[in-house]
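Okay, so here's the structure we're looking at.
Since the structure is predicted, the reported quantities are computational estimates derived from the model, not experimental observations.
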Amino acid sequence: MSTPIHRKPIRFNSDAKRVIARFFFPGPDTRVQTIIQKVIDMPEQAANLVLNETLREFSTRHRNISKIFNKHFSRVSDIMGDRISNLSQLSEQKRLLIGAYFTHEYSIESAAFFNPSMVEDPDQSGLQQGAKRVIISFRATGEGHISSLVFRGGILDSENNLHLKPVGRLVDEAEAIRNFVYQKEIFCQKLVEMQIQDDVVTKVMDKLRFEFDYNELHNAIGQTMQEINPDNQQKAILKTISWLADSHYEISFSFDTAISDRVIFPIAAAESNGIEDARFVRFTNDDGSVKYYATYTAYNGFTIMPKLIETVDFYKFKIMPINGENAQNKGMALFPRKINGKYAMLARLDGINNYIMFSDDINLWHDAIMIQEPGFPWEFIQIGNCGSPIETEYGWLVITHGVGTMRKYSLGAALLDLNDPTKVIGRLNEPLLSPNEEEREGYVPNVVYSCGSIISNQELVIPFAMSDTSSTYACAPLEDLLGRLLPAEYKKGTSLKVATKACILIVEDELINQKIISAILKTAGYEVEVAPDGIVALMQIAKKKFDLILSDISMPHFDGYQLLEYINENKIDIPVVFLTGQTSMEDEIRGLKLGAIEYIKKPVDRDLLLLRLDKILNR
C-alpha cells in the first residue's frame, strides 16, 4: 500500500554568484617572494591606484574585503617569515594590496546544491497558527568538488508550503577559534583507532598534562621535532597528530549575518576536501534545554572522519571528531534525546546494514547492534538512514535509503520501539519515494537522498536531493505512513501483543483497493501486510508466516496466477483467495485448478469479505 507523496514545486539550485574570498597561495616560495617584492617596489601612488581599483570591483561582493586583505597579508607574512624583510614597515595600502594578490574568489555553490536536512529554527516567535520557522542545511560544492555547509531559512505555513527568506549575496566564512581542551587518554585512544602507534607519539604525549590545549600540543610537537630530528615516517606521524588536533575547533558568525549568509567551509586538514552530508537534529536534554547537533563526514581526499557539530543559535558552532572503534564510517545520525539515560546513534558500520549504538558520552561510540539489513529488491545493495529518527507516539520514525538495480537510490521508512529502538516494529516493503523523470537526471543519476526530515501539521516533511545536483522537498501524511508501519495489534505506548486473529497478506497494485481492504481487515482485528505486486509478495512470504493471501490477479511484473504457481511449486501451505473485478468462467476455472480456494469480486463488500474469510480460516 503506497503512501501518498506530495512533491512541492520549490527547487533549490546551485548559484555561481555566491562567492567567498579565500586565501590564495600560488607557490613555490620563490614565486611568492617575487610577487611581494614587485608590490614593495611599486611607487606609493601606483599601489594606491591598483588597490582602489580592486576595492571598487570587489567591495560590493564581500562584507568587508579590506579586512580580508589584511588577514591574508598577515598569513602570507607568517609563511614567508624572515625571507622578506621590512614588511611591517610598509604602508597600510601596500599591505592591503599584497593581501589582495593572495586572495581569490571561490564559488561555493557553483557545481551542486544537495543532501538537505531540515530542523526547527530556535526562534518560533511571531508566527501564525500552524506555521513553523525552519532552517535547512545543504551540502554545496564548487570548484574541485570541495563541499561546504550552507543554510537557508524559511517558514512552513499551515499547508506546509515553504516561504523562503530572501538569499543574500554577501556570504561570510566564520572566524575560527582553536581553544579546545583535550583529554590525553581520549586523544591517544583516537590515534590508536587511526592505527597511529609509535614511540614518537609517546614522546609528544609525555610532554603534556592529562588535559592540554591546542597551543600546548603544538609546542610539544615542536620540541619533539627538535629533539629527535624525525625521519619521513616520524614526520608523517607528527603531522597526523597535528591533523587530529586541528579537527577540534570553534567558529562564530557576526550577528548581522542572515542564515543564508553563513557558510561553514572546510578549515581543518581532516576536511580539506569537504564537509559532507550534515544530519542536523534538535536535541532535548534531560533538563529540557535544547541544543542542535549535526553529524557529518570530513574528507581530506584520502580518508574520512566522522565529526560532530554543536550549536545553540546557529551563530556559534563547536566542531569535534566522533571517537570510538565504531565511529569509522559515513551515515551516523543522533537520536533527538537520550533513551534510558544514554545517547543513541544510528550508524552504517559496514556500508551495507543499519546499526544502533548507545553511549554515556556523545563523542565516544563503541558497541553496535545491527537492526536492519537489505530485505527488498529496491535495497539489495545497501540500506542506510536519511537523518535522525523522529519521535512519534507510536515509535521512532526512521527515514531510510536503499540502493537497488542500476545503483538507483530510493527512500524508505522504518519504525523502532520507543523504549528499545533495537526492536523494529515495522518497515516499508516498497519505496516511500523514488526518483521520477526530473529527479533522476543529474551529476549522479537515479538518486534521491535526504539528511533529515521533520513533522509539521500531521505531515512528514522530507527535503531531498535530486541526483546530487539540486534539491526540493515533499510531504507525506503521517497517519498513512504510520498505518503502513504498524501491525494491527500494536497500541501506542505499549509493547507488541499477540494477534487475536489471523495474519493476512494483501497482494494488490491499486492504492485505493489496498486502503479499503486493509482498513476492513484491521478494524476486524486481523494483522495485515500489503505487497504492491507479486515480486514483493514473494519476499514477504519468505520472511513471515501468513495464514491467508488475498491476491489480485492482474498485476505488473508477477500476476496472481504466477504467484499461485510459485506457491504450489515450492509446497508453501498458505490458502490463496483471488480478488478480481473482471472474472470469466475460464479465469475462475484456471484459478481453481491452480488451487485458489475462493474468488471475491471487486469492489469488495465488507460483510461478505469478513464472512468468507472467517469461514475459510475456521475450516
Side-chain angles (χ1 to χ4, degrees), residues 1-12 116-138 151-166 259 279-284 288 290 292 314 333 335-337 385-400 411-416 418 425-426 428 431-433 436 439 448-466 471-486 490 492-493 511-512 515 518-519:
M1 179 170 61
S2 300
T3 299
I5 289 288
H6 181 203
R7 287 171 161 88
K8 297 290 188 173
I10 282 183
R11 298 292 180 268
F12 299 94
S117 171
M118 181 182 289
V119 290
E120 294 181 15
D121 192 298
D123 178 14
Q124 293 295 317
S125 62
L127 296 173
Q128 295 183 355
Q129 186 173 359
K132 183 174 291 185
R133 188 173 285 113
V134 295
I135 292 174
I136 314 164
S137 66
F138 296 88
F151 303 96
R152 295 290 186 270
I155 294 173
L156 288 169
D157 65 21
S158 59
E159 302 290 325
N160 283 333
N161 297 307
L162 181 60
H163 304 270
L164 289 170
K165 292 182 180 178
I259 187 68
R279 287 161 161 80
F280 273 90
V281 62
R282 183 180 185 271
F283 187 92
T284 303
V290 172
Y292 292 83
F314 286 83
F335 280 69
R337 64 170 173 83
N385 70 74
C386 279
S388 293
I390 303 168
E391 186 168 6
T392 75
E393 57 187 341
Y394 292 98
W396 296 105
L397 177 60
V398 180
I399 305 305
T400 62
L411 303 188
L415 195 67
L416 310 181
L418 274 179
I425 295 170
L428 297 186
L432 175 64
L433 188 148
N436 62 21
E439 296 156 0
V448 288
Y449 196 87
S450 178
C451 287
S453 305
I454 64 170
I455 291 173
S456 177
N457 298 305
Q458 297 304 308
E459 286 189 320
L460 178 69
V461 181
I462 314 168
F464 65 94
M466 303 185 293
S471 299
T472 183
Y473 81 105
C475 297
L478 185 62
E479 185 178 354
D480 282 41
L481 178 56
L482 292 175
R484 293 187 59 201
L485 294 168
L486 286 166
Y490 191 78
K492 63 184 178 183
L511 178 60
I512 187 65
K515 287 188 171 184
S518 292

Short question: side chain of [X], backbone of [Y] - any donor-acceptor pair under 3.5 Å?
X      : Y      : answer
Lys132 : Ile455 : yes
Ser137 : Pro116 : no
Asn385 : Ile399 : no
Asp123 : Ser125 : yes
Arg279 : Cys451 : no

For the [atom1] atom of [X] and the [atom2] atom of [Y], what is their distance to the nearest 0.5 Å?
X      : Y      : atom1 : atom2 : answer
Arg7   : Ile462 : CZ    : CD1   : 9.5 Å
Leu481 : Leu432 : CG    : CG    : 6.0 Å
Cys475 : Gln458 : SG    : CD    : 12.5 Å
Tyr394 : Ile425 : OH    : CD1   : 11.0 Å
Arg282 : Asp121 : CZ    : CG    : 10.5 Å
Cys386 : Leu411 : SG    : CG    : 5.0 Å

Which pair of heavy atoms, one from [X] and one from [Y], lies closest together, and at what distance?
X      : Y      : result
Val461 : Ser456 : CG2-CB, 4.0 Å
Ile5   : Ala476 : CD1-CB, 3.6 Å
Leu127 : Ile155 : CD2-CD1, 3.7 Å
Ser450 : Pro463 : OG-O, 2.6 Å
Pro4   : Pro477 : O-CD, 3.2 Å

Using side-chain heavy atoms (C-beta onward) and a distance below 4.5 Å, is [X] in contact with [Y]?
X      : Y      : value
Phe335 : Leu416 : yes
Leu156 : Arg133 : no
Leu478 : Asp480 : no
Leu485 : Leu397 : yes
Arg484 : Leu428 : yes
Ile259 : Ile135 : yes
Thr3   : Leu433 : no
Ile390 : Ile454 : no

Show your reasoning for whether ring pair (Phe, Tyr, Trp, His ring centres under 6.0 Å) applies to Phe280 and Tyr292.
CA-CA 7 Å; Phe280 273 90; Tyr292 292 83; 7.8 Å; no

Exceeds 12 heavy-atom contacts within 6.0 angstrom, atom CD of Gln124
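More than 12 heavy atoms, drawn from other residues, nucleotides or ligands, come within 6.0 Å of this atom.
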
Asn160, Asn161, Thr472 screened by side-chain hydrogen bond (donor to acceptor under 3.5 Å, both in side chains) with Lys8, the one that passes
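When side-chain hydrogen bond (donor to acceptor under 3.5 Å, both in side chains) is applied between Lys8 and each of Asn160, Asn161, Thr472, only Asn161 qualifies.
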
Residues two or more places apart in sequence or in another chain: which of them pass side chain to side chain donor-acceptor pair (under 3.5 Å) with Tyr473?
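For Tyr473 there are no side chain to side chain donor-acceptor pair (under 3.5 Å) partners, ignoring immediate neighbours.
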
Run the ring-centre check on Phe151 versus Phe138 and record whether the distance is less than 6.0 Å.
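Ring-ring flag for Phe151/Phe138: false, centres at least 6.0 Å apart.
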
Residues two or more places apart in sequence or in another chain: which of them pass side-chain contact (heavy atoms from CB on, under 4.5 Å) with Glu391?
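For Glu391 the side-chain contact (heavy atoms from CB on, under 4.5 Å) partners, ignoring immediate neighbours, are Arg337, Trp396, Leu418.
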
So, Arg11 and Ser471: side-chain donor and acceptor under 3.5 Å apart, yes or no?
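No, no side-chain donor-acceptor pair sits under 3.5 Å.
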
